[in-house]
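This report concerns only the one structure given below.
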Amino acid sequence: MFKVNEDYLKLPGSYLFSTVGKKFRAYQADHPEKKVISLGIGDVTQPLTPSTISALHSAVDEMGKAETFHGYAPDLGYDFLRNAMAEEYKGRGCDIAADEIFISDGAKSDSGNIQEIFGRDNVIAVCDPVYPVYVDSNVMAGRTGTYDETTGTWSDVIYMPCTEENGFVPQLPERVPDIIYLCSPNNPTGAALKKADLARWVDYANENHAVIIFDAAYEAYITEEDVPHSIFEIPGARTCAIELRSFSKNAGYTGLRLGATVIPKDLASADGHSLHPLWARRHGTKYNGAPYIVQRAGASVYTPQGQQEIRDLVGIYQKNAAYILNGLKEGGYTVYGGINAPYIWMKTTNGMTSWEFFDYLLENAQVVGTPGSGFGPSGEHYFRLTAFGTYENTVEAVERIRRLG
Ligand SMILES: *Cc1c(COP(=O)(O)O)cnc(C)c1O
């Protein structure tokens with residue numbers, strides 16, 4: 001007689017994107033003549049760049065010949081890719097060696113799996129609003145206590161509200177956590193931590209023997225000088241931080257799948273256990289490596305041409321983000337983010353809830369976005385717009401929202 005993992009049964013339904021889709025389709029069915037524009041897209045839309053396509057083609061050809069065929073990849077990733085990433089870290093002044101970089105199929109799986117190497121008694125701290133994977137993966141592991149339907153929070157999770165008052169920068173919590181999840185530039189708020197903000201967290205983590213899991217998926221969108229691209233730009237991070245890297249939002253690999261997790265060898269628990277060998281063991285046991293052809297493509301991103309191409313690619317979305325941010329600001333709306341991230345965090349008008357505002361925009365401007373309350377209680381009265389649409393649609397959506405006055 002088998003039993004299920006009851007921790008899975010504790011997960012509250014995730015209705016955010018399905019409800020958004022349902023409302024979108026129902027409206028379109030009732031108003032077939034109206035053109036609805038989505039600024040809710042959470043996926044890239046531009047094609048892969050020429051460097052990636054050409055690297056994929058040559059790697060596919062190699063796989064077709066016995067002399068150049070590649071079977072299982074090394075558990076932790078091919079050296080050609082780990083070395084290319086280590087070179088980039090060096091260029092940023094970060095002390096990260098190639099063998100501290102673990103290649104994977106993306107930051108979502110790594111951010112969900114990383115909790116496995118920590119004891120069940122650890123207390124996690126997350127930003128509110130938050131990327132749901134950090135919390136849900138800990139719920140599945142039985143680490144979060146009981147869920148309170150009315151507040152939408154877990155009893156054993158420390159929430160760090162990111163609000164207008166604190167500039168969407170998480171503040172050091174009163175209760176000391178063991179594991180701290182930070183995402184900068186942030187999804188959904190679009191805010192980015194400055195060097196001084198992140199240095200405060202690194203010092204705090206080191207003083208309290210806590211670990212920071214730093215999600216850098218959006219580093220390519222940074223435009224401001226004093227915003228670090230990596231937590232390892234901060235002195236002291238080697239003893240307290242894990243960094244998650246993704247090829248999804250910078251190089252458009254959402255459908256190709258490639259990422260990396262960086263664990264410095266100096267990172268150990270207070271009782272002297274290093275995390276690096278534990279994650280290596282996990283990879284070796286549960287993962288057979290990212291595909292050779294995809295790792296080859298990933299390495300092409302680090303060539304000078306590859307770098308220029310992804311700057312141009314990200315530039316397309318950055319232009320959209322700037323248009324939304326400035327257009328809505330000029331239209332009298334209160335908007336945040338958009339400068340170092342493809343997300344604009346918009347305050348709802350007339351005190352509407354996030355979902356009331358969703359319906360209002362759909363009915364009156366035929367624009368779809370994502371209700372902020374779906375990312376956590378502090379997201380209530382906010383609305384997330386994304387820069388992943390086409391420029392034409394983005395311009396038209398902003399004009400429509402402005403006409404509402
Ligand atoms: C999109 C995104 C990722 C990237 O995930 P992949 O699995 O690499 O595609 C990671 N973290 C956050 C916060 C994201 O929004």
Side-chain angles (χ1 to χ4, degrees), residues 14 16-17 20 39-46 48 52 77 81 85 101-115 124-138 160 162 168 170 179-193 212-222 227 229-231 241-262 283 287 289-291 294-295 297-298 301 310 313-314 317-318 321 337-338 340-345 369-370 372 374-376 379 384-389:
S14 170
L16 180 63
F17 290 99
V20 165
L39 291 187
I41 308 171
D43 194 354
V44 296
T45 52
Q46 291 290 319
L48 296 167
T52 286
L81 180 55
M85 295 187 80
I101 302 169
F102 299 75
I103 306 301
S104 73
D105 64 349
K108 187 179 192 174
S109 11
D110 283 352
S111 65
N113 291 329
I114 195 74
Q115 48 76 28
I124 68 160
V126 295
C127 293
D128 166 27
V130 68
Y131 182 60
V133 179
Y134 312 149
V135 178
D136 289 357
S137 56
N138 279 287
M160 305 178 290
C162 295
F168 306 99
I179 303 171
I180 300 156
Y181 288 85
L182 295 177
C183 174
S184 174
N186 192 263
N187 176 11
T189 69
L193 299 178
I212 298 173
I213 297 170
F214 187 77
D215 187 340
Y218 294 99
E219 64 77 21
Y221 291 80
I222 293 169
V227 174
H229 287 248
S230 164
I231 195 167
I242 291 175
E243 180 157 287
L244 308 177
R245 300 286 307 270
S246 171
F247 287 70
S248 286
K249 312 305 179 355
N250 59 348
Y253 282 27
T254 53
L256 206 53
R257 312 304 309 139
L258 192 63
T261 285
V262 182
H283 254 257
Y287 188 55
V294 179
Q295 295 195 49
V301 167
I310 67 163
L313 180 61
V314 167
Y317 303 129
Q318 285 173 319
N340 299 299
Y343 298 116
I344 285 81
W345 194 236
T370 312
F375 298 99
R384 191 190 75 171
L385 300 174
T386 78
F388 292 126

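Just the heavy atoms: all of them, side chains too, but no hydrogens, waters or symmetry mates, feed the values below. Treat the numbers as computed from the prediction; the structure is a model and nothing was measured. In each ligand, atom 1 is the first atom listed, and ligand 1 is the first ligand listed.
A donor-acceptor contact closer than 3.5 angstrom links the side chains of Tyr253 and Thr52. Counting only N and O atoms by type, the side chains of Asp215 and Tyr134 include a donor and acceptor under 3.5 Å apart.
Residues forming a salt bridge (Lys or Arg N to Asp or Glu O under 4.0 Å) with Arg245 (at least two apart in sequence, or on another chain): Glu88, Glu219. In this structure, the ring-ring contact (aromatic ring centres under 6.0 Å, His included) partners of Tyr317, at least two apart in sequence or on a different chain, are Phe388.
Using a distance-only test at 3.5 Å, with no hydrogens or angles considered, no donor-acceptor pair links the side chain of Thr189 to the main chain of Phe168.
Listed by chain and number, residues touching ligand 1 at under 4.0 Å (heavy atoms only) are Gly106, Ala107, Lys108, Tyr131, Tyr134, Cys183, Asn187, Asp215, Ala217, Tyr218, Ser246, Ser248, Lys249, Arg257.
Applying the salt bridge (Lys or Arg N to Asp or Glu O under 4.0 Å) rule to pairs touching residues 104-114 yields nothing, sequence neighbours excluded.
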